[in-house]
4 protein chains.
Amino acid sequence: MNDLPRPRTRRKDTRPAELLAAALDCFVEKGFAATRMEDIARRAGVAKGTFYLYFPSKDAVFEALVRETLLPRIATLEQSATMAGLGAEAKLRAILAMLGQVLADPKLVAIPKLVLAEAGNFPDMARFYRQEVIARGQALLNGLFREGVEKGEFRPLPDLDIMTRLFMGPVVLTALWQTTFAPVEQTPMPIDRVLSTHADLFLTAIKAPTGTGGAP
Amino acid sequence: MNDLPRPRTRRKDTRPAELLAAALDCFVEKGFAATRMEDIARRAGVAKGTFYLYFPSKDAVFEALVRETLLPRIATLEQSATMAGLGAEAKLRAILAMLGQVLADPKLVAIPKLVLAEAGNFPDMARFYRQEVIARGQALLNGLFREGVEKGEFRPLPDLDIMTRLFMGPVVLTALWQTTFAPVEQTPMPIDRVLSTHADLFLTAIKAPTGTGGAP
Amino acid sequence: MNDLPRPRTRRKDTRPAELLAAALDCFVEKGFAATRMEDIARRAGVAKGTFYLYFPSKDAVFEALVRETLLPRIATLEQSATMAGLGAEAKLRAILAMLGQVLADPKLVAIPKLVLAEAGNFPDMARFYRQEVIARGQALLNGLFREGVEKGEFRPLPDLDIMTRLFMGPVVLTALWQTTFAPVEQTPMPIDRVLSTHADLFLTAIKAPTGTGGAP
Amino acid sequence: MNDLPRPRTRRKDTRPAELLAAALDCFVEKGFAATRMEDIARRAGVAKGTFYLYFPSKDAVFEALVRETLLPRIATLEQSATMAGLGAEAKLRAILAMLGQVLADPKLVAIPKLVLAEAGNFPDMARFYRQEVIARGQALLNGLFREGVEKGEFRPLPDLDIMTRLFMGPVVLTALWQTTFAPVEQTPMPIDRVLSTHADLFLTAIKAPTGTGGAP
DNA sequence: GATGAATGAGCATTCATTCAT
DNA sequence: CATGAATGAATGCTCATTCAT
């Protein structure tokens, strides 16, 4: 059909990103295993062989995808946690708001899901994700909870790790929902309301009793 | 040749279950795509061809697996919710305890994860899971929350669906953790403590204020 | 064309030999690298996949070919050398005659040539050939030369290894000729005459002077 | 980027030779099939595309290699045979000495071996080699044997072609050894001793009986 | 001339599925 | 019923060759 041999455009520098984007699209649609190299190539508008000029194997594409896409995101999150103005509560709410934005972007949510789905076949990547993404997120949140407790914002919290997990639970559930059922759903999940309700409930439960104010 | 005379037990009736069990084992270990029919057959102790006497295709095995394994579990959960003695709180705690037991069994948690991972390739199954598992679970929990509110146990809850999601968040997170990182982890997650802390926090936040004022 | 789906004959035991024969044919015709698995399969009258039921890889076919075909031949040679009746000369002539028969069979000569051609890409096989074929041949011939010297048949021979090489030289040349140029040649090389002339010349040169001295 | 300004020496004339040299290196190391155009190009210090400015295809490189490298060598040999001073024996020994030098150079021996290995895939080249190299060598040697017989140096030799082959046998064997097993061998073959012993034996066998002449 | 990014036909290998026994 | 040898479409990857720069 496409008789014209396609201009064979030369753009060594932008190619990797284009290819990763195409790969992500495919992985999101069909999963890693069901995606053929040719799918990715075609979607990127190049020939099959071109892919191998930039990535040595199908696995490598996946790893690059995780590395390139997740790391910057985490860094952003860490920075924003530091800069935030005042209380731990405010910071937690800010983080939840940010996560809400991530959750709204199907492509971004897709990557963690891919990692989960393929963890068994890519143990190295699971480890990488565990250490570079989850561990850093945990440290960030643990720190905020500790800060809140120390400043008297929160009541004493016996196990920070558990708090972190409970805090992230609804985020994870929402992420999964978005990637799995949202396409088939008629009424979309109101991400922001879920997360803000979560913040309200969760903070209510851990906040130090306010003006418990015994009078003299 | 046939050293062990392998009684070739005519157990046409138990076969499907055995095959499904073998399939589950394989899927859990290597994922759906990476599991070969031969793996399943060998694990079940039958020949490759035998499989096709009971299931028409690899996909069919997967679907049967989900159907057969999840439905009974849900039924159990629904029943237990009905029978439970008294308050909504008690029922919610009981459900959480049950889920804790499910979470402790790697095989059981594996199935939802498989569904998630393969939802893209098996839209029918995703729909099935959405309707038969999730929807029913949602209805169950929504009912309990409504009951709690009506009986005055809980304070007014504007959006029951959201409550249900927040309630399930930590359960989902734990499930994912168990199937994905637990194998690589040195210190296991204390499922029960996570869930009981969750119950405490969550219920604290939604319970109706107790000593409401009391007049002298 | 072949609409009838071919009876899918079952013959697990004869297959490997058939496949090796087909592979040898192909390798002889086109060399190892230029032979496609499909060529071999088609020539053996099976489907491509069937090959992998019996050999794990293309390389493995080659190795099996060398092992299966050469070893028995060497064993035969060794035995015949032992049994031979009397003098070293007679045994050497007998060996040459045997080799002449091998040389007349294009398939048999083809294997050593393949080994030579692919030695660079299959160092293991080169080593195997060096040790199992050449070393054993050398030992055999060295022994015969030593025997001849000790019995007074031959004059003292300072370096047996060199004798062995000189003895084998014309055999090797002939082998190469057969596999390389014979197909393109109009007048075939008279193998037997070459070898018998070789025997005459070579033995003339190493035989102990007969009428040793004797004074009148 | 282009750190070394690589003078881009306009040496259009020396290029082909350089490329052939690089190609030979590669072919020797890995064989024809396993050598990639990129290997050759890199070794020659040029870009892949540059190769195609000088040779139309990979096959062409091979053919050029054989043509360019072998022909001069043969010419040298022919000349030296003519010029040599006196007897046929001396000339034969001289030729053997020359061949010994060729045999000591791995690169030179590699070419005939490549021809042998690829004869099946390059019938034209095989024919070329047969006619331009082998036939001329045969003619040369046949001539020397005839000369020796006519001059009474050698005893009558019924079939000169066969003599030539027997004469070349050990040379061929040595060549093969050098290219195939020498790299893996601990004790190298003493080429010169093999060839000089060969000369001694062979000439002993064909020389006319010397002054057998008992006087009356 | 020289480059090297791009191409796509080609090949080894895998695996779900079939069917003669 | 059960088997497992046979099948062949499908897929990841390679590499000779082209051509815009």
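Below, chains carry the letters A, B, ... as their sequence lines are ordered, and counting in each starts from 1.
Among F/dA2, E/dG8, E/dT3, the nucleotide with an atom closest to any side-chain atom of B/T50 is F/dA2.
A/K107 pairs by the side-chain contact (heavy atoms from CB on, under 4.5 Å) definition with A/L24, A/D25, A/D105, not counting sequence neighbours. Residues meeting the salt bridge (Lys or Arg N to Asp or Glu O under 4.0 Å) test with C/E29, sequence neighbours left out: C/R43. Under the side-chain hydrogen bond (donor to acceptor under 3.5 Å, both in side chains) criterion, B/R67 pairs with no residue, sequence neighbours left out. Take D/E63 and apply the salt bridge (Lys or Arg N to Asp or Glu O under 4.0 Å) test, not counting sequence neighbours, and it matches no residue. For A/R42, the side-chain contact (heavy atoms from CB on, under 4.5 Å) criterion is met by A/E38, not counting sequence neighbours. Residues that satisfy the side-chain contact (heavy atoms from CB on, under 4.5 Å) test with D/P123, not counting sequence neighbours, are D/R127. Partners of A/F32 by ring pair (Phe, Tyr, Trp, His ring centres under 6.0 Å), not counting sequence neighbours, listed by chain and number: A/F27, A/F62, A/F122. With sequence neighbours left out, the salt bridge (Lys or Arg N to Asp or Glu O under 4.0 Å) criterion links A/E18 to A/R11, A/R15.
Residues from residues 57-69 of chain C lying near DNA chain F, meaning a heavy-atom separation below 4.0 Å, are absent. For DNA chain F, the neighbouring residues in residues 33-42 of chain A, judged by any heavy atom under 4.0 Å, are A/T35, A/R36, A/M37.
Residue D/Y52 has a polar side-chain atom (N or O) positioned under 4.0 Å from OP1 or OP2 of F/dT17.
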For residues 111-119 of chain B, dump all side-chain donor-acceptor pairs below 3.5 Å to protein atoms at least two apart in sequence or in another chain.
residue : atom : partner : partner atom : Å
B/K113  : NZ   : A/L116  : O            : 3.0

Dot-bracket, DNA chain F: Watson-Crick or G-U, under 3.5 angstrom, [ ] crossing, | other strand? .||||||||||||||||||||
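The backbone N or O of A/A34 sits nowhere less than 3.5 Å from a side-chain atom of B/N121 that would complete a donor-acceptor pair.
Within 4.0 Å of A/Y54, counting heavy atoms only, lie sugar-phosphate atoms of the nucleic acid but no base atom.
Between the CD atom of C/E18 and the C1' atom of F/dA5 there is a distance of 13 Å, given to the nearest Å. Between the C1' atom of F/dT3 and the CG atom of B/L53 lies a distance of 9 Å, rounded to the nearest Å. Straight-line distance from the CG atom of D/L19 to the C1' atom of E/dG1: 13 Å, rounded to whole Å. As a whole-Å value, the separation of B/R15 CZ from F/dA2 C1' is 8 Å.
A/L20 has its side chain within reach of A/V61: a pair of non-hydrogen atoms, C-beta onward, lies under 4.5 Å apart.
In this structure, C/G49 and A/G49 both approach DNA chain E, and ranking their closest nucleotides by distance from the 5' end singles out A/G49.
Evaluation of atom-type donor-acceptor distances gives no pair under 3.5 Å for the side chain of A/K48 against the base of E/dT7.
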